[in-house]
Amino acid sequence: MELRFYNSYSRQIEAFQPIEPGKVRMYHCGPTVYQRPHIGNYRAFLFADLLRRVLEGYGYEVTQVMNLTDVGHLLNDADEGEDKLEAQARKDKVDPWQIVETVSRAFFQDLDALGVIPAHHYPCASDHISEMVAIIEVLIEKGHAYRVGDNVYFDVSTFSRYGQLSGNKVEDLVAGLRLEINEEKRHPADFALWKSDPAHIMKWDTVFGEHGFPGWHIECSAMAEKYLGKHFDIHTGGEDNVFPHHECEIAQSEAANEQAFVNLWMHTRFLQVDGGKMSKSLGNVYSLDDLVARGFSPWDYRFLVLRGHYRTQVNFTWEILRGAKESRAKLIDWRSRLRAAMRSGGGVDTPATIDAVTAAHEVFDAAIADDLNTPEAIAALFTLRNKLVQVGEAGSRTADAAIALLDHADSILGLFEPAAEVNVDSGALSDDQVEALIAERAEVRAAKNWARADEIRDALQTAGIVLEDTASGVHWHRG
RNA sequence: GGCGGCGUGGCCAAGUGGUAAGGCAAGGGAUUGCAAAUCCCUCAUCCCCAGUUCGAUUCUGGGCGCCGCCUCCA
């Protein structure tokens, strides 16, 4: 099935076509490691993971790069702003590099907890200063950038496509400027490639002086080129990156290399909390730990994110997270029941049930191929569940096919937490033991020996065995 | 002021020019020694107005409301 994605640049859905057959190179704007990433950040990273899984599912050899911004960009792009990392460091009374270290570690732990497949490269901005300087020199040489003292700015007027991605016009940008005009710039919309400030802690000695540091956008141009080449397939980020960040990246890279930079731009919409933007003052900037502290798995959050399309705003509340958790639990439970059905072999396969699985599989794949419509794909799983449950216990062929579909869905969406799996498998009771206990329970219940019956029930429950007292007898599966 | 998105049942969330997938919650029922789990059933006319059309939730225009970007931010 043909993959189709919405391209922010063309503003339409396009058939996906890699530059090099069978291979996909993609870049994701990663976290700024000066503060513990919050759940909103992870929506974008979860999206990158989804993309990776889908592309690999289609057999592409994917090279994935996500940068870590460890250079504290200015709080204020206009001029002598304060450096974010340094400001945080002063607040914490530590060295900025220590913050980078601490936050980076938390970031990778979170990714792991969310079941994100690691990217192939996680380059840091601070390790690529020379690559950035090289691009800036080329831009100056080609007349796209100019130096004022030890600062360097990109000359927007030399790049006619500036504004194409975001839909902004340079004139409108100027009209809407809320910042003080930086007199150094030739044009108010020009942006910094390199800045200098002796007071900075994080600074580098380069051809532009000894107290310099990179502008906000140049790092991604430099690292993307280094790991993926001058022209690659996909670049993603949050919606806030569209302007100015990605707009500037395009200008820098294309002006310097005189060729196309990225074929496909994809942006995720923000996660909202309590119906609006999360904010510290409202106290709703949650980290993954906050969710875990309330008894949720990071995978529940992952599921919550996937239940919404990546290009729509998704709201987060505890109630919504609870709904996601319950929903996912139902899927986990269903898989266990299917496994039990395989084991018992008591169900009957019919052409209808087999066809239902095949149909669900097709709907699932079609939904994913259609610009990653994960909500619809997930719904296909539940629709199948309902159909199969209606006809009773699934036959082994049906169950086998349904489990295969769930595994397929899991490989793309990441539904089932591996750790939970281990717990179940380590259950102390063998199938035979479970059967024996259930048989005994039936006997003592017939004898109205409720004490022993409840004892067995509790023992089974402790071992992670779920009992279902149905009209057709007792069914069981591992929780 | 400029650019963009959204408005579907209590809460989430797909979707189509021909009378609305799915999940959670809720209510009723079955089952049960009690409970859990399970199963069955019930639960929307798609923000408002006008237009196009045989027919619009889906297209067009207007209105109202909400959200985001334009300044660090996924």
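Every chain is numbered from 1, with letters handed out A, B, ... down the list of sequences. This structure is a prediction, so every number in the text was calculated from the model and none was measured.
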Revision key, fill the gap. Answer for the Watson-Crick or wobble partner of B:G10, both distances under 3.5 Å, is B:C24
Practice item. Both distances under 3.5 Å, Watson-Crick or G-U wobble: report the partner of B:U45, or none. Key: none
Practice item. Check every atom of B:A14, B:A13, B:C39 against the side chain of A:His309 and return the nucleotide holding the closest atom. Key: B:A14
Check your understanding: Less than 3.5 Å between a donor and an acceptor, one on the side chain of A:Lys169 and one on the base of B:C70, is that the case here?
Key -> no
Review point. Salt bridge or not for A:Glu468 and A:Arg337, using N-O below 4.0 Å?
Key: yes
Check your understanding: Which atom names give the shortest non-hydrogen contact between A:Ile99 and A:Tyr34, and what distance separates them?
Key -> CG2-O, 3.6 Å
**Study point:** Candidate nucleotides B:G22, B:A14, B:A25, ranked by approach to the side chain of A:Ala379 - the nearest
**Key:** B:G22
For residues 446-459 of chain A, tabulate all N or O donor-acceptor pairs below 3.5 Å that involve a side-chain atom, not counting sequence neighbours.
residue	atom	partner	partner atom	Å
A:Asn449	OD1	A:Arg452	N	3.3
A:Arg452	NE	A:Glu440	OE2	2.7
A:Arg452	NH1	A:Glu455	OE2	2.6
A:Arg452	NH2	A:Glu440	OE1	3.0
A:Arg452	NH2	A:Glu440	OE2	3.0
A:Asp454	OD1	A:Arg457	NH2	3.4

Point to revise | Closest heavy-atom pair and its distance - A:Met66, A:Phe45 | key: CE-CD2, 3.4 Å
Review point. Do the ring planes of A:Phe316 and A:Trp318 sit parallel (below 30°), tilted (30 to 60°) or perpendicular (above 60°)?
Key: perpendicular
Point to revise | Minimum-distance nucleotide to A:Lys330 side chain [options: B:G23, B:A74, B:G22] | key: B:G23
Exercise for review: Choose from B:C39, B:C24, B:A14 the nucleotide whose nearest atom is closest to any side-chain atom of A:Glu326.
Suggested key: B:C24
Practice item. Take the angle between the ring planes of A:Tyr162 and A:Phe191 and call it parallel below 30°, perpendicular above 60°, tilted in between. Key: parallel
Exercise for review: With the side chain of A:Phe382 defined as its heavy atoms from C-beta on, choose the nearest nucleotide among B:G23, B:C39, B:C73.
Suggested key: B:G23
Review point. Which of these nucleotides, B:C12, B:G23, B:G68, is closest to any side-chain atom of A:Ser327?
Key: B:G23
Interface polar pairs with nucleotides 33-35 of chain B, N/O, under 3.5 angstrom:
residue	atom	partner	partner atom	Å
B:G33	O6	A:Asp454	OD1	3.3
B:G33	N1	A:Asp454	OD1	2.9
B:G33	N2	A:Asp454	OD2	3.1
B:C34	N3	A:Arg457	NH2	2.4
B:C34	N4	A:Arg457	NH2	2.7
B:A35	N6	A:Asp469	OD2	3.1
B:A35	N1	A:Arg457	NE	3.1
B:A35	N3	A:Arg457	NH1	3.4

Can you name the atoms? Protein N/O to nucleotides 5-10 of chain B N/O, anything below 3.5 Å, with the distance.
residue	atom	partner	partner atom	Å
B:G5	O4'	A:Arg269	NH2	3.4

Exercise for review: Looking only at side-chain atoms of A:Gln272, point me to the closest of B:A74, B:G15, B:C67.
Suggested key: B:C67
